[in-house]
There are 2 protein chains.
Amino acid sequence: MAEAKGSNHTRRATYDLRQKIIHGEYPGGTRLLEVALAEQMGISRTPVREAMSRLAEEGLLERARGGGFVVRSFSYSDVVDAIEIRGVLEGTAARLAAERGAPEGKLRQIKAVVAQIDTCFEPSGQLRAFDAYSELNSEFHDLMAALCGSAIVQRELERVKSLPFASPAAFVLGGHRDDPSDRSLLMAQAQHRAIVSAIENREGARAEALAREHARFARGSLEATFIKGATEAEGLPGMALIVR
Amino acid sequence: MAEAKGSNHTRRATYDLRQKIIHGEYPGGTRLLEVALAEQMGISRTPVREAMSRLAEEGLLERARGGGFVVRSFSYSDVVDAIEIRGVLEGTAARLAAERGAPEGKLRQIKAVVAQIDTCFEPSGQLRAFDAYSELNSEFHDLMAALCGSAIVQRELERVKSLPFASPAAFVLGGHRDDPSDRSLLMAQAQHRAIVSAIENREGARAEALAREHARFARGSLEATFIKGATEAEGLPGMALIVR
DNA sequence: CAATGATGTAATGTATACATTGTTAAAACG
DNA sequence: CGTTTTAACAATGTATACATTACATCATTG
């Protein structure tokens with residue numbers, strides 16, 4: 001479990017803890033003990049505390065009654081609801097962008113990303129095509145969140161997406177890990193294009209409906225992965241957080 | 001500035017700091033210094049730090065580059081967007097309650113609150129009618145958030161409402177502080193009733209649209225208060241956070 | 001036997017000394 | 001004169017000792 005990133009103890013502890021939680025080392029409901037973690041990491045309680053506080057902000061931990069922190073646990077329906085909310089908020093971002101008008105520069109940017117995603121489907125046999133799609137997909141969703149220029153909308157969306165299983169990347173990594181030219185990915189890309197088109201044409205209601213449906217699509221894909229069982233779902237981000 | 005609530009230093013510090021920020025003692029953008037605050041409150045840096053960390057979770061502070069915390073500042077358009085998001089999320093809560101069905105008990109509860117709000121308009125000359133409306137209004141919104149039974153939806157809504165100017169109470173306290181039988185309050189109450197009816201009849205789209213419009217209505221009322229100028233807006237929760 | 005209270009332990013809460021860093025302003029250099 | 005370096009200071013970061021509280025366990029009592 002990589003120790004990486006940052007110069008100070010708090011950053012390292014935050015990163016380490018986050019990784020361990022996401023990868024299931026501390027299952028949902030586990031109470032995290034400052035002393036134990038501090039010893040284990042070879043640092044004092046202070047930065048451990050600070051790290052837990054930040055992870056609580058992220059939504060990975062919650063403050064326990066009587067002090068301390070507990071790893072947040074999510075049910076299957078929580079996952080569904082979190083993705084629903086992402087869809088609702090992305091829908092709002094898209095609608096506001098359509099209604100208020102998106103700046104030319106940002107529109108050009110998001111169109112460029114859509115065009116780049118297209119190249120991932122080209123049969124040039126790129127081994128990295130899948131990773132590229134994943135990367136560009138995240139970029140698309142970030143740009144969409146920023147398109148209407150509202151810092152508030154952007155911030156809330158970032159918050160929701162910080163739950164690993166609710167992030168747009170979960171869709172890509174969840175469903176279809178072998179075939180980059182999977183029909184689902186093609187379908188999703190068609191939705192990307194439609195969303196941008198709706199925003200450009202100032203069709204607020206259409207933009208909102210499409211963005212929502214786009215998230216629903218991701219949800220359906222995740223559901224399929226769930227049904228396949230734990231083996232298939234192993235590589236899915238944050239799967240370890242989910243308790244039945 | 002009351003020192004109230006809780007037995008330990010962290011709670012007191014959190015409460016005090018929150019009050020001071022909301023009441024404008026530390027305007028948006030102010031960097032909060034641990035040492036100064038600790039001295040001022042007669043406690044050590046540790047609980048001050050902890051308090052700031054919690055207020056960052058609430059969204060009142062943000063972590064500054066290079067460490068420390070800064071009071072978050074909001075523009076007028078941030079207020080508009082925050083209320084928009086509240087409306088969108090309340091709309092989602094209402095829609096899901098309609099689609100998935102709300103439990104009988106909770107429905108009875110929210111209907112009881114609606115009935116109680118009606119009594120605030122009775123001409124029995126209650127001096128406390130206005131406060132009662134405010135209290136019951138908050139209760140209505142809390143119940144609406146809980147109606148669909150999704151902890152995720154409820155949590156996100158609580159988060160958004162924790163910004164004082166985005167809370168449902170801001171509408172009541174903002175626009176019309178003198179006349180409990182104000183037409184706006186009557187109108188809002190009519191919306192409450194319609195929302196419940198839509199949920200009960202499983203009309204998801206209607207419930208969502210109504211809940212959204214209800215928040216928009218609050219926003220309009222706030223806008224009017226803004227236009228009246230700072231004098232009128234003085235008693236409005238969190239007004240001090242807003243920088244032009 | 002149930003309920004309640006005492007008691008010990010293990011956790012978090014708090015204070016404080018010290019370390020590190022980041023920022024500012026002055027001084028040295030080109 | 002502008003730029004860059006450096007040194008001092010003031011802030012946060014960290015460790016640690018000590019205080020307090022919460023919880024579990026067991027004893028006591030009705």
Side-chain angles (χ1 to χ4, degrees), chain A residues 1-21 25-73, chain B residues 1-21 25-73:
Chain A
M1 192 71 54
E3 278 255 340
K5 223 176 206 173
S7 44
N8 60 18
H9 291 169
T10 297
R11 281 184 206 214
R12 264 197 296 276
T14 305
Y15 181 82
D16 284 5
L17 247 182
R18 187 192 294 115
Q19 291 302 109
K20 284 180 179 172
I21 291 167
E25 188 150 338
Y26 304 112
T30 306
R31 180 166 190 169
L32 297 181
L33 304 181
E34 291 177 10
V35 274
L37 291 174
E39 267 179 35
Q40 192 178 320
M41 298 188 194
I43 59 181
S44 81
R45 282 171 52 207
T46 312
V48 172
R49 219 177 155 76
E50 178 70 18
M52 293 197 293
S53 183
R54 288 173 191 225
L55 294 177
E57 270 180 65
E58 273 181 40
L60 249 44
L61 302 180
E62 52 191 0
R63 294 181 189 276
R65 84 184 161 85
F69 295 84
V70 170
V71 178
R72 209 167 150 204
S73 70
Chain B
M1 191 72 52
E3 277 256 340
K5 224 176 205 174
S7 44
N8 60 19
H9 291 170
T10 297
R11 282 184 207 211
R12 265 197 294 277
T14 306
Y15 181 84
D16 285 4
L17 247 182
R18 188 193 294 113
Q19 291 302 108
K20 285 180 178 170
I21 290 167
E25 190 151 338
Y26 305 111
T30 306
R31 180 166 192 169
L32 296 182
L33 304 182
E34 290 177 10
V35 274
L37 291 174
E39 268 179 35
Q40 190 179 321
M41 299 187 192
I43 58 181
S44 81
R45 280 172 54 206
T46 312
V48 172
R49 217 176 156 76
E50 178 69 19
M52 294 197 291
S53 188
R54 287 171 192 227
L55 293 176
E57 273 181 59
E58 273 183 39
L60 249 43
L61 302 180
E62 52 192 358
R63 293 180 191 276
R65 83 184 163 82
F69 295 84
V70 170
V71 178
R72 207 168 151 205
S73 69

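In the text below, chain A, chain B and the rest are named by the order of the sequence lines, each starting its count at 1.
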Nearest-Å distance for atom pair [atom1]/[atom2], residues [X] and [N]:
| X | N | atom1 | atom2 | result |
| --- | --- | --- | --- | --- |
| Arg12(A) | dG13(D) | CZ | P | 14 Å |
| Glu34(A) | dA15(D) | CD | P | 13 Å |
| Met52(B) | dT12(D) | CE | C1' | 9 Å |
| Arg11(B) | dG13(C) | CZ | C1' | 11 Å |
| Asn8(B) | dA15(C) | CG | C1' | 14 Å |

*With distance as the sole criterion, do the side chain of Arg45(B) and the base of dG13(D) form a donor-acceptor contact below 3.5 Å?*
yes

*If you check every side-chain atom of Leu33(A), which of dG13(C), dA11(D), dA11(C) has the closest atom?*
dA11(C)

Can you see if the side chain of [X] gets near the phosphate of [N] - specifically, an N or O under 4.0 Å from OP1 or OP2?
| X | N | result |
| --- | --- | --- |
| His9(B) | dT20(D) | no |
| Thr46(A) | dT14(D) | no |
| Arg49(A) | dT14(C) | no |

*For Arg63(B), which contact category applies under a 4.0 Å heavy-atom criterion: base, sugar-phosphate, or nothing?*
nothing

*Run the salt-bridge test on Arg54(B) and Glu50(B) with the 4.0 Å N-O cut-off and return the result as yes or no.*
yes

*asked:* If I take atom CZ from residue Arg12(A) and atom CE from residue Met41(A), how far apart are they, to the nearest 0.5 angstrom?
replied: 11.0 Å

_Rounded distance (nearest 0.5 Å) linking atom OG of Ser53(B) with atom CZ of Phe69(B)_ = 5.0 Å

*Of Arg65(A) and Pro47(A), the one whose closest DNA chain D nucleotide lies more 5'*: Pro47(A)

